[in-house]
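To keep things clear, I will list the structure first and then write my remarks on it.
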Amino acid sequence: MSVLLLILIAAPVLGAAGSIKGSLTVGTGYLDHPLGRQDEPSAGYLSQAWNVSTLFGENLDALKLGYEGSASQFSKETPLGSMRHGIGVEWFRNSEDRLRGLSAGLQFAFRDYESYYEIYNYSEAYSYLAFKRYFGQKTVLRGYVAYKIRGYDELPEESFMEPYGKLEVQRFSDSRTTLGASARLGAKYFNDSVASRVWGTPDLPSTSQFAARLNIAQGLS
């Protein structure tokens with residue numbers, strides 16, 4: 001919460017160059033087995049998510065600075081409560097005809113858990129580069145490449161690097177039918193030297209994923 005207060009204090013200064021926008025969402029729920037075990041008591045929870053951002057520049061070429069946070073608390077001493085803070089910057093560029101767009105972003109974040117789950121505290125950095133291109137008024141091609149690196153202080157065998165990307169095309173018709181196809185490719189590399197000893201692999205463990213999807217949607221009214 002102290003990070004959020006600093007952002008709010010700095011808002012008038014940031015507002016001198018761009019408008020300030022923000023939101024706060026609060027939710028609640030109830031889980032029978034919040035830890036995934038049948039012998040544990042049920043627990044209610046309260047969640048919060050908030051963000052503050054400011055935009056510099058024009059609509060065709062803009063820079064966005066922002067902060068986002070989230071938190072959760074559980075009843076009956078269920079040790080799943082956590083808090084996450086992230087601060088980042090994004091750049092956007094659009095063509096004058098709005099048919100082409102390019103964006104890039106970088107964010108640094110960390111998450112803190114309560115009591116027992118503090119061993120899962122981590123810090124991470126995330127970056128992306130994305131594009132969008134319209135072909136006429138009925139076809140759009142969009143995609144992105146991203147890279148995430150996360151480090152765990154107490155569980156170094158869980159630290160990883162994750163590059164991935166996605167490409168998607170959509171076609172719209174006058175009959176309100178939308179056809180689409182997408183493909184996603186990614187990999188995860190556990191980069192700490194202790195990982196191979198903990199997981200029992202001859203080299204650093206890694207995983208990869210490829211997914212493809214076709215979809216159709218029809219407007220009815």
Side-chain angles (χ1 to χ4, degrees), residues 1-29 34 44-75 78-94 98 101-132 142-156 158-166 184 186 188 191:
M1 188 59 69
S2 60
V3 178
L4 177 60
L5 292 176
L6 288 175
I7 293 294
L8 294 177
I9 293 172
V13 178
L14 295 176
S19 60
I20 299 294
K21 294 183 178 181
S23 67
L24 172 66
T25 303
V26 179
T28 186
Y45 67 87
L46 181 68
S47 64
Q48 310 91 45
W50 58 89
N51 66 76
V52 180
S53 65
T54 184
L55 194 67
F56 301 85
E58 303 295 333
N59 292 332
L60 298 181
D61 196 351
L63 187 69
K64 181 180 180 182
L65 301 179
Y67 158 80
E68 63 180 19
S70 62
S72 61
Q73 301 85 34
F74 285 77
S75 65
T78 302
L80 285 177
S82 67
M83 180 172 290
R84 183 183 186 275
H85 299 285
I87 186 167
V89 57
E90 289 183 284
W91 167 77
F92 305 92
R93 169 167 289 181
N94 295 299
R98 299 289 181 174
L102 188 66
S103 63
L106 177 65
Q107 185 190 69
F108 298 97
F110 66 90
R111 181 181 288 277
D112 285 335
Y113 288 89
E114 295 179 0
S115 61
Y116 174 80
Y117 289 97
E118 288 179 344
I119 59 174
Y120 292 102
N121 290 352
Y122 66 76
S123 57
E124 69 177 18
Y126 168 81
S127 61
Y128 81 90
L129 176 65
F131 77 94
K132 180 170 60 176
R142 59 167 63 97
Y144 67 84
V145 291
Y147 184 81
K148 180 190 294 184
I149 181 169
R150 179 181 294 180
Y152 295 82
D153 291 335
E154 298 189 43
L155 294 173
E158 298 285 354
S159 299
F160 64 83
M161 301 180 295
E162 184 179 14
Y164 56 96
K166 182 179 179 180
R184 186 185 189 279
K188 181 182 289 187
N191 55 315

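Each residue takes its place number in the sequence, starting with 1. What you see is a predicted model, and the numbers here were worked out from it, not measured in a lab.
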Please walk me through it: do Tyr144 and Arg184 pass side-chain contact (heavy atoms from CB on, under 4.5 Å)? CA-CA 10 Å; Tyr144 67 84; Arg184 186 185 189 279; 4.2 Å; yes
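The two residues Glu158 and Phe160 come nearest to each other via the heavy atoms O-CD2, 3.3 Å. Across Leu55 and Ala62, no two heavy atoms sit closer than the pair CD1-CB, 3.9 Å. Heavy atoms only, all atoms of each residue included: Ser82 and Arg111 are closest at OG-NH1, 2.9 Å. Of all heavy-atom pairs between Thr78 and Phe74, the closest is O-CB, 3.6 Å. Taking all atoms of both residues into account, the shortest heavy-atom contact from Ser19 to Thr54 is O-OG1, 3.0 Å. Heavy atoms only, all atoms of each residue included: Tyr120 and Tyr152 are closest at O-CE2, 3.5 Å.
The side-chain heavy atoms of Tyr117 and Leu80, taken from C-beta on, include a pair separated by under 4.5 Å. Residues Ile87 and Leu65 fail the side-chain proximity criterion, which asks for heavy atoms closer than 4.5 Å. In this structure the side chain of Arg98 reaches within 4.5 angstrom of the side chain of Leu60, judged on heavy atoms. Taking 4.5 Å as the limit, every side-chain heavy atom of Arg93 sits out of range of all side-chain heavy atoms of Phe131. Side-chain atoms of Asn191 and Ser159, non-hydrogen and from C-beta on, do get closer than 4.5 Å to each other.
Tyr122 contributes atom OH, which lies 13.0 Å from atom CG of Asp153 (distance to the nearest 0.5 angstrom). In this structure, Tyr45 OH and Thr28 OG1 are separated by 7.0 Å, a value rounded to the nearest 0.5 Å. Once rounded to the nearest 0.5 Å, the distance linking CZ of Phe108 with CD of Glu124 reads 11.0 Å. Going from atom CE of Met83 over to atom OG of Ser72 covers 9.0 Å, rounded to the nearest 0.5 Å. Atom CZ of residue Arg150 and atom NZ of residue Lys188 lie 7.5 Å apart, to the nearest 0.5 angstrom.
Remark: Gln48 engages Val26, Leu46, Trp50, Ala71, Gln73 in a side chain to side chain contact (heavy atoms under 4.5 Å, CB included) (not counting sequence neighbours).
We find that Arg84 and Glu68 are joined by a salt bridge, their nearest charged nitrogen and carboxylate oxygen being less than 4.0 Å apart.
Proximity of a side-chain donor or acceptor of Asn121 to a complementary backbone N or O of Tyr113 within less than 3.5 Å is detected. Ser103 places no side-chain N or O within 3.5 Å of a backbone atom of Trp91 that could act as its donor or acceptor partner.
In this structure, a donor-acceptor pair under 3.5 Å is present between the side chains of Glu90 and Tyr128.
Counting heavy atoms of neighbouring residues, nucleotides and ligands inside a 6.0 Å radius, atom NZ of Lys132 does not exceed 12 of them.
Ring-plane geometry between Tyr67 and His85 is classed as parallel, the angle between the planes falling under 30 degrees on a 0 to 90 degree scale with a further cut at 60.
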